[in-house]
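Numbered from 1 within each chain, the chains take letters A, B, ... in sequence-line order. The basis for the numbers below is simple: all heavy atoms, side chains too, and nothing from hydrogens, waters or symmetry mates.
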Amino acid sequence: MIIALVDCNNFYCSCERVFQPRLEGRPVVVLSNNDGCVIARSNEAKALGVPMGAPYFKHRDTLQKAGVAVRSSNYALYGDMSHRVMTVLGGFTPNVEVYSIDECFLDLSGFMGQDLTAYGQMIRDTTKQWTGIPVSVGIGPTKTLAKIANRVAKKDPDANGVCDLTDPALAEAAMSKIGVGDVWGIGRRWRKMLEGRGIHTAKDLRDAQEGWVRQKMGVVGHRTVMELRGTPCVDLETIPQDKQTVCVSRTFGKPMTDYEGLHAAIATFVMKAGEKLRKLDLVATNINVFVHTDPFREDRAQYSKSVTVDLLTATNHSGKILAGALRGLRGIYRSGYHYKRAGILLLELERSGHAPRTLFEHDDQKGQRLMAAIDAINGRYGHGVVNYGQIRRSSTWYMTQEHRSPRFTTQWDELPLVVP
DNA sequence: TCTGGGGTCCTAGGACCC
DNA sequence: TCTGGGGTCCTAGGACCC
């Protein structure tokens with residue numbers, strides 16, 4: 001097997017740059033929802049030492065002094081740009097797995113014996129030219145080794161953005177230079193555990209004793225070791241699997257104390273989730289509702305609670321889901337707390353049409369037409385144009401997004417202008 | 001004053017069954 | 001001192017990913 005991992009460089013920052021060329025060469029960071037954390041950094045911003053996931057308020061002054069361009073996240077733009085990149089990549093091999101918004105695995109097994117580095121270079125150049133997004137290409141016999149190759153492609157200036165580790169000797173040399181915590185599948189906890197036992201590099205992990213790994217890290221850890229040894233254990237999933245859960249949750253700009261505020265928030269989440277569900281052609285039979293206070297405010301009383309409500313029928317009708325969600329919320333709401341975060345999870349998802357029917361169910365064609373109409377209107381005129389009455393526009397919890405760029409590619413009135 | 005959001009898979013333990 | 005064996009299902013929690 002030959003797998004290539006194509007990863008967009010600093011994806012969100014690169015998306016911002018495509019339509020704002022003046023950001024080229026300047027440090028750029030993109031913030032999470034609510035402008036809370038730094039979640040993407042250009043190379044220049046990384047060089048300034050702003051860590052990934054850092055709270056924005058702690059670094060605001062540093063960023064400002066260094067002349068860093070700051071952007072709120074603009075998922076409409078990133079999602080559309082991602083789609084463009086994936087479409088281009090799909091032209092290089094019939095078997096691709098879109099792994100995340102900015103990563104894609106390509107099956108290059110058919111190119112065995114050919115100059116893979118040259119092909120990788122072509123993928124890179126074409127993607128950049130057709131979408132404006134720079135990517136790195138890592139090639140190896142397994143997904144885990146392709147990940148490592150990709151890391152080398154990004155970090156090693158001589159690689160010119162492409163690294164082929166299908167040669168075992170090259171793979172070994174690369175592994176001896178990569179920290180065990182940088183291996184795909186090894187997070188903070190396991191890194192600590194492994195380093196405590198003298199396993200510091202990817203190569204050390206590859207050479208670790210199999211039985212010991214199986215016992216300490218389960219089948220997942222064992223798979224990682226086998227993949228480092230060149231035995232594929234993680235298949236390429238070319239057909240996207242149906243989602244098992246759909247989640248919508250938000251941290252509030254300001255803490256909320258009254259029931260009405262939470263009620264409005266939950267209702268908004270249900271509308272979003274219902275839209276997602278219908279887009280995916282799925283139905284849900286259970287909904288989980290949760291609320292949290294602010295864990296960072298240790299001086300205040302903490303409360304966090306969740307409840308799962310049976311919707312009694314598999315549905316993607318926002319109204320029916322909303323009724324269940326509010327029943328759940330009433331059950332877990334306690335007055336006297338400062339709520340900072342809430343959300344819903346839709347569970348037990350199935351393809352609509354495949355779901356079991358209950359005895360009392362009838363085809364709710366009217367409801368389906370209503371949902372279709374709402375989706376069409378909101379799709380055309382903006383989310384939230386049509387809503388249930390529970391959702392008041394005046395709600396105070398709306399996200400802080402002080403630095404969002406225009407949705408250049410998905411809103412007619414936000415298209416980039418070319419001034420002659 | 002200000003700390004994101006959306007996912008997956010695995011495991012252990014308890015309840016329950018015959 | 002002794003207290004079966006084998007199984008399923010569910011849930012909570014832990015680990016990881018981007």
Side-chain angles (χ1 to χ4, degrees), chain A residues 5-12 29-40 50-61 63 70 72-75 78-79 82 97-105 143-144 147 150-151 180-194 214-224 233-235 237 240-255 269 272-273 276-277 280 286 288 290 292-300 304-308 338 340-349 399-403:
Chain A
L5 172 65
V6 181
D7 190 319
C8 300
N9 300 346
N10 316 323
F11 182 55
Y12 297 170
V29 301
V30 175
L31 306 178
S32 65
N33 274 336
N34 256 324
D35 293 347
C37 298
V38 175
I39 53 166
V50 185
M52 176 70 172
Y56 176 49
F57 74 92
K58 283 190 183 168
H59 297 270
R60 188 180 294 148
D61 293 345
L63 293 171
V70 176
S72 304
S73 38
N74 183 346
Y75 288 105
Y78 310 151
S82 171
E97 174 187 341
V98 177
Y99 178 66
S100 73
I101 194 164
D102 71 335
E103 284 176 59
C104 186
F105 288 107
K143 282 183 168 179
T144 307
K147 275 267 186 187
N150 193 282
R151 200 183 161 79
V180 72
D182 294 324
V183 173
W184 191 41
I186 306 298
R188 273 214 315 275
R189 294 286 172 87
W190 280 356
R191 172 190 172 174
K192 219 176 144 194
M193 188 277 287
L194 290 165
R214 174 67 184 81
Q215 191 211 328
K216 287 282 174 193
M217 304 168 67
V219 293
V220 182
H222 185 233
R223 260 200 306 255
T224 299
C233 298
V234 186
D235 288 335
E237 289 188 17
Q241 302 296 302
D242 280 338
K243 275 194 208 305
Q244 299 170 23
T245 56
V246 161
C247 177
V248 178
S249 72
R250 287 290 177 278
T251 299
F252 305 133
K254 282 182 203 157
F269 301 157
K272 265 203 193 320
K276 279 195 203 182
L277 216 50
L280 297 165
N286 281 298
N288 183 274
F290 60 89
H292 289 292
T293 49
D294 185 350
F296 292 102
R297 289 294 302 261
E298 288 170 8
D299 54 321
R300 279 189 185 152
S304 100
K305 187 87 179 164
S306 77
V307 63
T308 300
H338 293 78
K340 185 64 177 170
R341 184 179 157 78
I344 60 161
L345 270 142
L346 296 174
L347 308 164
E348 307 285 303
L349 305 188
M399 279 193 298
T400 326
Q401 279 209 314
E402 288 181 13
H403 314 282

Whether A:Lys340 side chain and A:Pro295 backbone form a donor-acceptor pair below 3.5 Å =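 Checked: no pair found.
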inquiry  = Once you apply a heavy-atom cut-off of 4.0 Å, does A:Ile186 come out as touching a base, just sugar-phosphate, or nothing?
reply    =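 Here A:Ile186 touches the backbone only, sparing every base.
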ask   = What is the nucleic acid contact for A:Tyr56, judged by heavy atoms within less than 4.0 Å: base, sugar-phosphate only, or nothing?
value =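 Nothing, no nucleic acid heavy atom in range.
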request  = Classify the ring geometry between A:Tyr75 and A:Tyr78 as parallel (under 30°), tilted (30 to 60°) or perpendicular (over 60°).
outcome  = perpendicular
query = Does A:Asn150 use its side chain to pair, donor to acceptor, with the backbone of A:Leu5 at less than 3.5 Å?
reply = yes
Selected nucleotide, minimal atom distance to A:Trp184 side chain, candidates B:dC9, B:dG4, C:dC18 =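 The nucleotide sitting nearest to the side chain is C:dC18.
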ask   = So, A:Thr308 side chain and A:Asn288 main chain: donor-acceptor pair closer than 3.5 Å or not?
value = no
ask   = For the side chain of A:Asn33, counting heavy atoms from C-beta on, which of C:dC17, B:dG4, C:dC16 is nearest?
value = B:dG4
inquiry  = Nearest to the side chain of A:Arg297, heavy atoms from C-beta on, is which of B:dC2, B:dC10, B:dT8?
reply    = B:dC2
task = Would you mind telling me which of C:dC18, B:dT3, B:dG6 lies closest to the side-chain atoms of A:Phe296?
result = B:dT3
task = Give the ring-plane orientation class for A:Tyr99 versus A:Phe105, where under 30° counts as parallel, over 60° as perpendicular and anything between as tilted.
result =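 If you compare the ring of A:Tyr99 with that of A:Phe105, the planes turn out perpendicular.
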task = Among the candidates B:dT11, C:dA15, B:dG7, find the nucleotide nearest to the side-chain atoms of A:Arg189.
result =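 Closest nucleotide to the A:Arg189 side chain: C:dA15.
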ask   = Roughly, in whole Å, what's the span from CG in A:Asn34 to C1' in B:dT3?
value = 10 Å
d(CD, A:Glu348; C1', C:dT11) in whole Å =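 After rounding, the reported distance stands at 12 Å.
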task = May I ask you to say what A:Lys147 touches in the nucleic acid, namely base, sugar-phosphate or nothing, with a heavy-atom cut-off under 4.0 Å?
result = sugar-phosphate
task = Give the nucleotide from the list B:dC2, B:dG7, B:dG4 with an atom nearest to the side chain of A:Tyr75.
result = B:dG4
query = In whole Å, what is the span from the CZ atom of A:Arg341 to the P atom of B:dC2?
reply =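 Interatomic distance, CZ of A:Arg341 to P of B:dC2: 16 Å.
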ask   = Touch check for A:Val183, heavy atoms < 4.0 angstrom, all strands: base, sugar-phosphate only, or nothing?
value = sugar-phosphate
query = In whole angstrom, what separates A:Phe252's CZ from B:dC2's P?
reply = 14 Å
task = Between B:dG6, B:dG4, C:dC16, spot the one nearest the side chain of A:Cys37, thanks.
result =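 Looking only at heavy atoms from C-beta outward on A:Cys37, the closest nucleotide is B:dG4.
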request  = Determine the contact category for A:Thr245: base if any of its heavy atoms lies under 4.0 Å from a base atom, sugar-phosphate if only primed atoms, P, OP1 or OP2 are that close, otherwise nothing.
outcome  = sugar-phosphate
key: N or O in side chain of A:Lys243 less than 4.0 angstrom from B:dT8 OP1/OP2   =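 Looking at the OP1 and OP2 atoms of B:dT8, neither is under 4.0 Å from any side-chain N or O of A:Lys243.
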inquiry  = Of the options B:dG7, B:dT3, B:dG4, whose atoms approach the side-chain atoms of A:Cys247 most closely?
reply    = B:dG7
key: Nucleotide C:dC18, atom C1' - distance to CG of A:Asn9 in whole Å   =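 Whole-Å distance recorded here is 15 Å.
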request  = Could you check A:Asp242 against A:Arg214 and say which one's nearest nucleotide on DNA chain B is further toward the 5' end?
outcome  =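 Upstream on the strand: A:Asp242.
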ask   = Does OP1 or OP2 of C:dC17 have a side-chain N or O of A:Lys143 closer than 4.0 Å?
value =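 So the side chain of A:Lys143 is outside the cut-off, no N or O lying under 4.0 Å from OP1 or OP2 of C:dC17.
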ask   = Closer to the 5' end of DNA chain B via nearest nucleotide, is it A:Arg223 or A:Leu345?
value = A:Leu345
task = Compute whether any side-chain donor of one residue and acceptor of the other, for A:Thr293 and A:Arg300, lie under 3.5 angstrom apart.
result =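 A:Thr293 vs A:Arg300: no donor-acceptor pair found between side chains.
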task = Please report, rounded to the nearest Å, how far the C1' atom of C:dC17 is from the CH2 atom of A:Trp190.
result = 12 Å
ask   = Between atom CD in A:Gln401 and atom P in B:dG5, what is the gap in whole Å?
value = 11 Å
inquiry  = Heavy atoms only, 4.0 Å cut-off, all strands: where does A:Asp102 land among base, sugar-phosphate and nothing?
reply    = sugar-phosphate
key: Watson-Crick or G-U counterpart of B:dC18, or none if no pair lies under 3.5 Å   = C:dG5
ask   = If only side-chain N and O atoms of A:Gln241 are considered, is one of them under 4.0 Å from the OP1 or OP2 phosphate oxygen of B:dT8?
value =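 Checking B:dT8 against A:Gln241, no side-chain N or O comes under 4.0 Å of OP1 or OP2.
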query = Which whole number of Å gives the distance between the P atom of C:dC18 and that of B:dT3?
reply = 25 Å
request  = Rounded off to whole Å, could you give me the CD1-to-P distance for the A:Ile344 and B:dG5 pair?
outcome  = 14 Å
request  = Kindly say whether A:Glu402 contributes a backbone atom to a donor-acceptor pair with the side chain of A:Asp35 at under 3.5 angstrom?
outcome  = yes
task = Ignoring backbone atoms, test whether A:Thr251 places a side-chain nitrogen or oxygen under 4.0 Å from the OP1 or OP2 oxygen of B:dG5.
result = yes
